[in-house]
Amino acid sequence: MSLRICNINRSNSQMTRVFVDEEGIYYLWIIYSGYPDLEIVPFKKKNNKFIEIKTPKVDELYDYLRYRFSNETVFEIEKFFESLRWDYSKFTIPKNIVEKFGEKFCEYFLRDRDDEFIFMDPYAKHWIIDFEKVRSKEKEFLKEPELLPFTITELGVTLTKDLELKKDGKNLSIEEFWKTYNEYRLSLIPIAKKKDKIFRKIEEDLGKRVKDSLREIKSKKISDYNIEIKVKVFDTILGYEQILELIYTEEMFEDNVLYHLRELNNIEVCRLFWHLIEFFGLRIITTKLSFWSEIIIDNQKFFKL
């Protein structure tokens with residue numbers, strides 16, 4: 001049996017990227033669907049927590065972007081925003097690191113681990129805004145951070161400049177690292193099971209409302225109708241970031257299909273939870289989120305006179 005996957009719509013939601021400068025100011029770029037509509041929110045890290053601040057550097061960035069957009073075509077502007085989406089989540093990994101720790105380790109861990117600022121990870125590395133290049137209106141104004149030391153926050157493990165894996169002051173072999181990761185992974189299973197029960201209730205409630213809505217349409221002898229069934233997911237830390245939108249079909253509430261999470265010993269979860277983990281990884285399991293479910297119906301009647 002083939003599984004029906006929800007359509008994922010992120011084009012109509014906000015895309016976010018976070019950058020940092022040499023001063024240690026973080027800049028959350030909230031990019032709305034109508035390019036070049038964007039908002040830049042600055043943060044400062046204090047005691048490993050992020051506090052929203054005010055800085056004139058935000059105006060410098062706006063001035064720079066206005067200058068660019070006034071001198072570029074629509075295609076060039078769209079290409080720039082697409083590059084923000086795809087080109088600035090990974091870092092250049094030196095060959096000696098890949099050889100020592102393997103491609104899986106490097107691909108999975110040595111990247112921007114909070115590129116949308118969902119986790120507000122105080123140890124995450126981000127691409128750096130070079131304000132000298134901003135002020136001189138240069139096209140390339142972002143540069144990679146120094147990769148090492150690199151901390152994997154949820155595991156409490158740091159890859160040092162000497163290419164040693166350390167946890168609680170002790171060195172780990174790569175085998176011990178994967179053991180630590182597996183312990184972390186397995187610790188999430190009971191949490192995931194509890195959360196899945198909540199997510200199933202969200203979907204069950206939505207399914208009941210869909211059936212009630214369709215029953216009402218049929219009782220009124222509507223000639224034709226269109227129905228949109230959605231769950232929108234919002235980050236709760238910042239309060240204004242939609243991170244995902246799932247679009248369901250009527251049939252999805254009839255098939256009772258569950259999905260298996262390989263990372264969590266193949267436990268069964270509902271569509272909503274499966275898609276969240278597919279997009280954001282295991283850390284989303286312990287992240288607080290808000291959900292908005294909605295049904296939009298366009299119904300029509302035909303008359304002949």
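Along the sequence shown, residues carry numbers from 1. Just so it is clear, the model here is predicted, and its values are computed rather than measured.
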Would you say [X]'s side chain and [Y]'s backbone share a donor-acceptor pair under 3.5 angstrom?
| X | Y | value |
| --- | --- | --- |
| R185 | L282 | no |
| N265 | I267 | no |
| K195 | I285 | yes |
| K166 | L172 | no |
| T158 | T151 | no |
| T160 | D162 | yes |
| Y62 | I40 | yes |
| K45 | P122 | yes |

Residues pairing under side chain to side chain donor-acceptor pair (under 3.5 Å) where one sits in residues 91-106, two or more places apart or in two chains, turn out to be T92-E144
Any donor-acceptor pair under 3.5 Å linking the side-chain atoms of W178 with those of E176? no
Regarding [X] and [Y], does a basic nitrogen lie under 4.0 Å from an acidic carboxylate oxygen?
| X | Y | value |
| --- | --- | --- |
| R68 | E72 | yes |
| R271 | E203 | no |
| R66 | D63 | yes |
| K143 | E22 | yes |

Sorted by chain and residue number, the salt bridge (Lys or Arg N to Asp or Glu O under 4.0 Å) partners of K288 (sequence neighbours excluded) come out as none
Residue set satisfying salt bridge (Lys or Arg N to Asp or Glu O under 4.0 Å) with K208, at least two apart, ordered chain then number -> D212
So salt bridge (Lys or Arg N to Asp or Glu O under 4.0 Å) across residues 120-134, not counting sequence neighbours, yields D121-R283, E132-R135
Item checked: Verdict with reasoning, K218 to E216, per salt bridge (Lys or Arg N to Asp or Glu O under 4.0 Å) -> CA-CA 5 Å; K218 289 173 183 175; E216 184 178 354; over 6 Å; no
Residues at least two apart in sequence or cross-chain that pass side-chain hydrogen bond (donor to acceptor under 3.5 Å, both in side chains) with K57, listed by chain then number, are D21, E23
Can you check whether [X] reaches [Y] side chain to side chain, under 4.5 Å on heavy atoms?
| X | Y | answer |
| --- | --- | --- |
| Y248 | L206 | yes |
| C270 | Y259 | no |
| E78 | F80 | no |

Original post:
What do you reckon, are the aromatic ring centroids of Y27 and F131 less than 6.0 Å apart?
Top reply: yes
Are F19 and Y26, when compared by the centres of their aromatic rings, separated by less than 6.0 Å?
no
Anything under 3.5 Å between a donor and an acceptor, one on a side chain of residues 105-113, the other on a protein residue two or more places apart or in another chain? List them.
from, atom 1, to, atom 2, distance (Å)
E107, OE1, K90, NZ, 3.3
Y108, OH, Y181, OH, 3.2
Y108, OH, E263, OE2, 3.2
R111, NH2, S89, OG, 3.4
D112, OD1, D114, N, 3.0
D112, OD1, D115, N, 3.1
D112, OD1, H126, ND1, 3.3
D112, OD2, H126, ND1, 3.1
R113, NE, F109, O, 3.4
R113, NH1, E154, OE1, 3.0
R113, NH1, E154, OE2, 3.2
R113, NH2, E154, OE2, 3.0

ILVMFWY cluster, I118 and Y123 together (side-chain gap under 4.5 Å) | no
